[in-house]
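A quick write-up on the structure given underneath.
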Number of protein chains: 2
Amino acid sequence: MTAIEIPDGSPFGPDNLPYGVFSTQDGSRRVGVRLGDTVVDLSLLLLDPVFAAPTLNPFMAQGRRRWDEARERIRDAVAGPVPKQALHPLREVRLHLPFEVGDYVDFYASEHHAANLGRLFRPGAEPLMPNWRHLPVGYHGRAGTVVVSGTGIVRPCGQRKDPGEAAPTYGPSRRLDIEAELGFVVGTGSALGERIGVGDFAEHVFGAVLVNDWSARDLQAWEYVPLGPHLGKSFATSVSPWVVPLAALEAARVPLPGQIPAPLPYLRGGADWGLDVDLAVEWNGEQVSRPPYREMYWSPAQMLAHLTVNGASTRTGDLFASGTVSGPAKHQRGAFIELTWGGTEPITVKGEERTFLRDGDHVAITATAPGPHGARIGFGEVAGTILPAR
Amino acid sequence: MTAIEIPDGSPFGPDNLPYGVFSTQDGSRRVGVRLGDTVVDLSLLLLDPVFAAPTLNPFMAQGRRRWDEARERIRDAVAGPVPKQALHPLREVRLHLPFEVGDYVDFYASEHHAANLGRLFRPGAEPLMPNWRHLPVGYHGRAGTVVVSGTGIVRPCGQRKDPGEAAPTYGPSRRLDIEAELGFVVGTGSALGERIGVGDFAEHVFGAVLVNDWSARDLQAWEYVPLGPHLGKSFATSVSPWVVPLAALEAARVPLPGQIPAPLPYLRGGADWGLDVDLAVEWNGEQVSRPPYREMYWSPAQMLAHLTVNGASTRTGDLFASGTVSGPAKHQRGAFIELTWGGTEPITVKGEERTFLRDGDHVAITATAPGPHGARIGFGEVAGTILPAR
């Protein structure tokens with residue numbers, strides 16, 4: 001039996017306990033929690049077969065009461081000495097996609113991001129569409145290309161047409177970008193014809209991850225009318241390997257900045273699920289942005305209520321993401337197209353003028369949030385390196 | 001041992017052999033083929049455990065060579081007497097969703113439909129967007145709400161805003177519609193970063209189904225800018241219970257009507273996968289439309305090549321649909337919004353003037369295609385009844 005060492009000030013203390021799926025050399029995938037820089041094998045700690053599964057889905061499907069109970073048991077167990085064979089140094093394990101993704105919906109919930117993109121994609125027109133302040137605009141992305149942090153991102157090819165060109169050409173994207181987002185994972189779903197009210201958010205949502213919704217802006221700009229983004233987004237979406245339980249984010253809850261006009265009744269009451277999460281974007285090791293999640297216009301409780309108000313069913317593993325997190329200031333923008341104003345205002349990264357992503361570039365998005373007793377809650381990171389087009 | 005009776009002229013003769021998943025009273029789900037009005041239990045006919053699975057996915061994952069081999073074995077086996085316990089009258093079985101859906105992408109491949117919708121949604125503007133003749137426009141739909149024919153369709157609620165209204169209101173859709181489509185089911189997928197060329201269509205695609213992409217036009221019109229349809233479509237998409245193998249559609253292959261301008265090289269060569277499938281739409285038992293699939297501008301081989309040209313991976317069970325099938329003539333339009341020109345030109349159904357769907361309405365879409373030796377290949381039907389909003 002061994003006590004778990006947690007470095008002072010670690011954002012992975014006993015108030016966080018994020019869940020992930022890991023494997024060791026020659027070992028099969030199983031569920032663990034992160035404490036400091038240690039991964040604790042829950043299949044050995046709690047001796048519950050649900051944690052010997054290769055994804056979090058079976059555990060997530062058990063529902064809020066079981067999640068709360070397991071969290072208590074884990075907290076109690078890790079406070080004392082634990083069996084040595086349940087502990088693995090983080091650097092010695094391989095982390096996998098923590099859940100099997102059902103449907104993936106991406107929202108567009110930052111007013112600053114939506115207005116910036118509106119100005120860039122539709123110059124001269126009203127930046128926000130008439131519907132934007134009435135509903136959380138969103139669309140379905142490709143669930144099958146959600147990948148775990150660390151997966152190499154092959155530069156996508158496709159059609160793009162510069163304004164000066166008469167016809168589109170085919171080739172590798174020349175405007176490859178990131179979108180720094182938070183994603184929310186559905187634990188227990190809802191049946192066809194049912195709704196999840198704003199007040200039932202915490203009954204259904206298991207936790208949150210960091211998301212990088214890689215975007216090929218040139219492909220997107222050419223293809224997106226009238227049915228929305230497709231190939232400009234579908235080549236890869238990266239998520240962080242640790243799912244932070246919703247319970248760990250209680251101290252991070254803040255009111256939304258304010259919604260005018262007041263939303264329709266089915267979206268009201270979800271305004272208490274703003275989240276004071278600080279994101280940071282590193283480009284080749286240099287911090288280039290600090291997107292503040294507390295500035296988001298729509299809350300995740302409102303996103304889920306909207307998603308299901310038409311009776312659409314939800315499933316364990318459904319992922320819905322916030323859309324790019326951008327604050328009002330330039331250094332708070334969560335996409336390079338905004339940071340460099342469509343590539344017309346390069347920024348300096350490691351001494352070089354940069355706009356969009358080059359092959360070999362590495363992007364890492366991290367985040368922390370306030371926890372209880374002055375602690376910080378860490379999300380870890382979602383990172384990826386750009387590989388040349390094939 | 002019993003011989004299987006096939007009524008003269010049945011579109012479910014030995015050249016069709018569509019696959020489905022069925023159960024009998026107290027029985028578990030398993031894979032069968034339809035011959036005439038008989039369902040043959042393949043788990044008993046071929047004694048292969050892959051057909052005892054509750055979905056077609058394990059069989060579809062085995063690939064083209066195994067599909068061809070199984071088709072040969074089934075054809076041989078059903079030509080003679082078969083074990084009586086393998087046979088079930090169609091009316092005595094329950095048919096289920098035949099495959100577990102991976103990702104669902106809906107295209108927009110009919111020029112007539114896209115132009116009609118452009119005129120209705122964006123009056124006064126050019127009906128086709130500049131990208132439309134260069135790429136098969138498509139978007140991701142909700143995989144978790146793909147349901148089998150016969151599932152009741154609850155009228156969706158959501159936000160809608162009439163042109164004369166100052167703000168949106170919430171309530172049941174007032175413009176509930178259908179979209180008659182063909183869907184294509186991926187059998188063997190492709191890895192992240194790979195492409196499926198137009199020439200490899202038949203290696204990857206297992207077969208085709210009928211699709212009714214139910215659409216709430218009022219929700220859609222308000223929400224769809226700039227990220228595309230979401231709640232207007234995500235409440236339900238119905239598919240027919242029988243997957244017609246691609247091999248059964250060989251005699252239905254026709255050249256596309258013609259593509260001007262010539263598509264980019266990665267989309268060329270897919271023009272030989274036009275399909276001469278005749279759809280028919282019945283509204284409360286009265287035939288209201290005959291959409292001709294041979295009029296489609298983009299082929300399914302081009303759709304799949306486009307879908308993966310950015311390196312997006314595909315999985316067994318991925319479904320991609322054609323978008324509404326509409327021909328040039330009014331009686332060939334596959335959506336009521338087109339047939340009634342946005343509700344301004346009602347049509348007569350069972351003696352009543354009708355525009356959009358009322359509660360209790362029943363819609364059935366059927367289709368047949370030419371088979372070998374003058375036979376017809378039947379798709380069966382995709383049907384649904386509208387239930388009141390909850």
Side-chain angles (χ1 to χ4, degrees), chain A residues 102-103 105-106 108 118 121-122 129-131 134-135 137-145 147 151 154 156-159 161 167-170 189 192-194 216 219 222-232 234-236 261 264-266 306-307 309-315 318 387 390, chain B residues 102-103 105-106 108 118 121-122 129-131 134-135 137-145 147 151 154 156-159 161 167-170 189 192-194 216 219 222-232 234-236 261 264-266 306-307 309-315 318 387 390:
Chain A
D103 271 295
V105 171
D106 199 20
Y108 197 50
F121 274 78
R122 296 175 295 279
M129 290 292 182
N131 57 17
H134 293 279
L135 56 85
V137 169
Y139 69 103
H140 282 84
R142 190 161 185 82
T145 53
V147 297
T151 306
V154 177
C157 290
Q159 293 193 28
K161 183 175 148 327
T169 56
Y170 171 84
L192 202 66
E194 260 181 31
L219 276 55
W222 171 236
E223 76 180 353
Y224 90 104
V225 282
L227 300 184
H230 184 195
L231 274 76
S234 65
F235 57 95
L264 283 163
Y266 79 91
H306 184 65
L307 180 63
V309 77
N310 67 347
S313 51
T314 55
R315 289 178 288 175
D318 279 355
L387 307 177
R390 287 190 196 155
Chain B
D103 272 294
V105 171
D106 199 20
Y108 198 49
F121 274 78
R122 295 174 296 278
M129 290 292 181
N131 57 19
H134 293 278
L135 56 87
V137 169
Y139 69 104
H140 283 83
R142 191 162 185 82
T145 54
V147 297
T151 306
V154 177
C157 290
Q159 294 193 26
K161 185 175 144 334
T169 56
Y170 171 84
L192 201 66
E194 259 181 32
L219 277 55
W222 172 235
E223 76 180 354
Y224 90 105
V225 280
L227 300 184
H230 183 194
L231 274 76
S234 65
F235 57 95
L264 282 163
Y266 79 91
H306 183 66
L307 181 61
V309 78
N310 68 346
S313 50
T314 55
R315 290 178 288 175
D318 279 354
L387 306 178
R390 286 190 196 156

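Between the side chain of Arg142(A) and the backbone N or O of Ser313(B), at least one donor-acceptor pair lies under 3.5 Å. Although no hydrogens or angles enter the test, the distance criterion places a donor-acceptor pair under 3.5 Å between the side chain of Asp103(B) and the main chain of Gly144(A).
If you tally non-hydrogen atom pairs under 4.5 Å between each of Glu223(B), Arg122(B), His306(B) and chain A, the highest count goes to His306(B). Ranking Gly102(A), Gly118(A), Pro130(A), Pro261(A) against chain B, the residue ahead of the rest is Pro130(A), based on heavy-atom pairs under 4.5 Å. Of the listed residues Ala236(B), Gly158(B), Gly311(B), Gly193(B), the one with more heavy-atom pairs under 4.5 angstrom with chain A than any other is Gly193(B). Taking chain B as the reference chain and counting heavy-atom pairs below 4.5 Å, the highest number among Pro156(A), Ala143(A), Ala216(A) is found for Ala143(A). Interface summary for chain A: among Val309(B), Asp318(B), Val105(B), the most heavy-atom pairs under 4.5 angstrom belong to Val309(B). Across Leu231(B), Leu387(B), Val154(B), the residue that shares the most heavy-atom pairs under 4.5 angstrom with chain A is Leu231(B).
Both the backbone and the side chain of Leu192(A) come within contact range of chain B, each with at least one heavy atom under 4.5 Å from a heavy atom of that chain. Heavy atoms of Tyr266(A) lying under 4.5 Å from chain B belong exclusively to its side chain. Interface remark: Thr169(A) contributes backbone atoms only to the contact with chain B (heavy atom separation under 4.5 Å).
Residues Asn310(B) and Ser234(A) meet the side-chain proximity criterion, which asks for heavy atoms closer than 4.5 Å.
When all heavy atoms are compared, the tightest approach of Ala167(B) to His134(A) is CB-CE1, 4.5 Å. Pairing each heavy atom of Leu135(A) with each of Trp222(B), the nearest pair is CD2-NE1, 3.5 Å. Summarising the geometry of Val137(B) relative to Pro226(A), their closest heavy-atom pair is CG1-CD, 4.4 Å, with the distance given to 0.1 Å.
Atoms CZ and OG1, from Arg315(B) and Thr145(A) in turn, are 8.5 Å apart once rounded to the nearest 0.5 Å. How far CG of Asp106(B) is from NE2 of His230(A): 10.5 Å, rounded to the nearest 0.5 Å.
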In sequence, state the C-alpha distance, the side-chain angles, and the governing distance for Tyr139(B) and Tyr139(A), and then conclude on ring pair (Phe, Tyr, Trp, His ring centres under 6.0 Å). CA-CA 9 Å; Tyr139(B) 69 104; Tyr139(A) 69 103; 9.8 Å; no
